[in-house]
Amino acid sequence: MEAVNKFGLIKIQNLIKPFDESKLQVIDLKIGTSTITLNGMSSQEHQDSRVKKDGETTSSTIGYKITGFVQRDAASGAITDKFYKRPYKGVEETNEAIKRMFYTVDPASNARVYNSKVGGYVLQQLEEMISYFETMFHFEIRGASLLLLIQHNLEDLQSEGQVEMKLIDLASV
């Protein structure tokens with residue numbers, strides 16, 4: 001996203017454009033233990049509905065839920081798994097789906113291997129994000145998501161490949 005222009009409009013960036021879409025893995029994680037936004041606080045009925053819905057997902061127990069993902073075979077580009085919204089995944093399914101994002105198949109041995117460069121990069125980005133928000137007291141964010149885009153480099157599994165992680169869907173600030 002670019003800075004707000006003189007008209008108060010935000011220029012939106014196509015985050016997928018730099019990737020080969022046929023080999024791209026995508027995961028959208030809604031973060032936080034509650035999805036009640038400031039807009040939803042006007043009605044008790046809406047608040048009750050959100051609390052009930054959060055209780056049916058992993059939001060209230062582990063602090064995030066998967067709202068969608070696409071996982072592909074890094075060599076062929078074939079979709080191996082995909083998910084969008086309901087029914088939401090349980091804790092084990094959620095954690096397993098996230099783990100799979102960091103694995104790829106080594107073309108030399110045909111073995112499933114963890115890409116530590118991708119995992120390390122994402123962990124570093126998360127630590128920087130957490131550090132920032134731990135010291136930022138100007139406003140509260142409700143209803144945000146983390147969008148993670150991964151394209152493994154099969155020629156060099158020790159490289160990061162292409163990885164992008166963005167904070168998106170800032171519903172209420």
Side-chain angles (χ1 to χ4, degrees), residues 1-4 10-41 50-51 53-72 74 79-104 114-153 159-173:
M1 181 176 80
E2 293 184 15
V4 177
I10 298 172
K11 183 177 180 183
I12 297 177
Q13 172 185 4
N14 181 347
L15 299 174
I16 296 176
K17 188 176 181 179
F19 294 88
D20 176 352
E21 195 172 335
S22 70
K23 299 209 168 44
L24 181 62
Q25 300 196 80
V26 180
I27 193 163
D28 182 354
L29 298 170
K30 181 66 77 179
I31 56 175
T33 56
S34 173
T35 57
I36 298 174
T37 64
L38 296 176
N39 297 333
M41 295 180 83
R50 297 306 313 170
V51 168
K53 189 181 247 184
D54 289 342
E56 295 168 355
T57 72
T58 57
S59 292
S60 61
T61 54
I62 59 177
Y64 57 89
K65 69 181 176 189
I66 296 175
T67 56
F69 69 79
V70 174
Q71 294 175 330
R72 298 176 187 273
I79 294 175
T80 57
D81 198 5
K82 67 181 179 177
F83 164 77
Y84 179 72
K85 292 215 177 190
R86 296 185 184 93
Y88 288 108
K89 303 287 185 188
V91 173
E92 286 182 35
E93 294 170 302
T94 295
N95 290 334
E96 183 57 33
I98 292 170
K99 279 187 226 174
R100 284 196 315 259
M101 297 295 287
F102 299 97
Y103 281 83
T104 190
Y114 173 71
N115 189 329
S116 61
K117 291 290 186 178
V118 170
Y121 174 81
V122 170
L123 185 58
Q124 173 200 357
Q125 294 295 303
L126 284 171
E127 287 171 348
E128 288 177 15
M129 202 175 284
I130 289 167
S131 175
Y132 173 77
F133 285 111
E134 285 177 337
T135 61
M136 196 272 299
F137 300 106
H138 302 293
F139 53 88
E140 179 179 309
I141 296 174
R142 292 176 175 250
S145 290
L146 277 177
L147 180 68
L148 181 58
L149 308 166
I150 298 174
Q151 183 175 321
H152 296 281
N153 180 351
S159 77
E160 287 177 1
Q162 284 183 275
V163 184
E164 190 72 54
M165 187 172 75
K166 296 285 186 181
L167 190 61
I168 62 169
D169 296 340
L170 299 169
S172 293
V173 178

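- Between Phe19 and Glu164 there is a side-chain heavy-atom pair separated by less than 4.5 Å.
- Atom OH of Tyr64 is separated from atom CD1 of Ile98 by 4.0 Å, given to the nearest 0.5 angstrom.
- A distance of 10.0 Å separates CD in Glu96 from CD in Glu93, rounded to the nearest 0.5 Å.
- The side-chain heavy atoms of Leu29 and Ile66, taken from C-beta on, include a pair separated by under 4.5 Å.
- Listed for the Gln125 side chain is no donor-acceptor partner under 3.5 Å among the backbone atoms of Met165.
- Here CD of Gln162 is found 12.0 Å from NZ of Lys23. Values are rounded to the nearest 0.5 Å.
- Scanning both residues, Phe69 and Ala97, for their nearest heavy atoms gives CE2-CB, 3.9 Å.
- Ala144 and Lys30 make their closest contact through O-CD, 3.3 Å (heavy atoms, listed as atom of the first residue, atom of the second, distance).
- No more than 12 heavy-atom neighbours from other residues, nucleotides or ligands sit within 6.0 angstrom of CD on Glu92.
- Partners of Thr61 according to the side-chain contact (heavy atoms from CB on, under 4.5 Å) rule, which considers only residues two or more places apart in sequence or in another chain, are Thr58, Val91.
- Side-chain atoms of Thr67 and Asp28 include a donor-acceptor pair closer than 3.5 Å.
- Proximity of a side-chain donor or acceptor of His152 to a complementary backbone N or O of Met101 within less than 3.5 Å is detected.
- At least one donor-acceptor pair closer than 3.5 Å links the side chain of Arg72 to the backbone N or O of Glu21.
- How far CG of Asn95 is from NZ of Lys99: 6.5 Å, rounded to the nearest 0.5 Å.
- Going from atom CD1 of Ile27 over to atom NZ of Lys82 covers 15.5 Å, rounded to the nearest 0.5 Å.
- Here the closest heavy-atom approach between residue Gln25 and residue Tyr103 is recorded as NE2-O, 4.2 Å.
- With Ile150 as the partner, the side-chain contact (heavy atoms from CB on, under 4.5 Å) test is satisfied by one option alone out of Asn115, Leu24, Val118: Val118.
- From Leu148, atom CG reaches atom NZ of Lys166 across 12.0 Å, with rounding to the nearest 0.5 Å.
- Remark: the backbone N or O of Gln71 is paired with a side-chain donor or acceptor of Thr80 at under 3.5 angstrom.
- Contact annotation: the side chain of Thr57 never approaches that of Thr94 to less than 4.5 Å [non-hydrogen atoms, C-beta and beyond].
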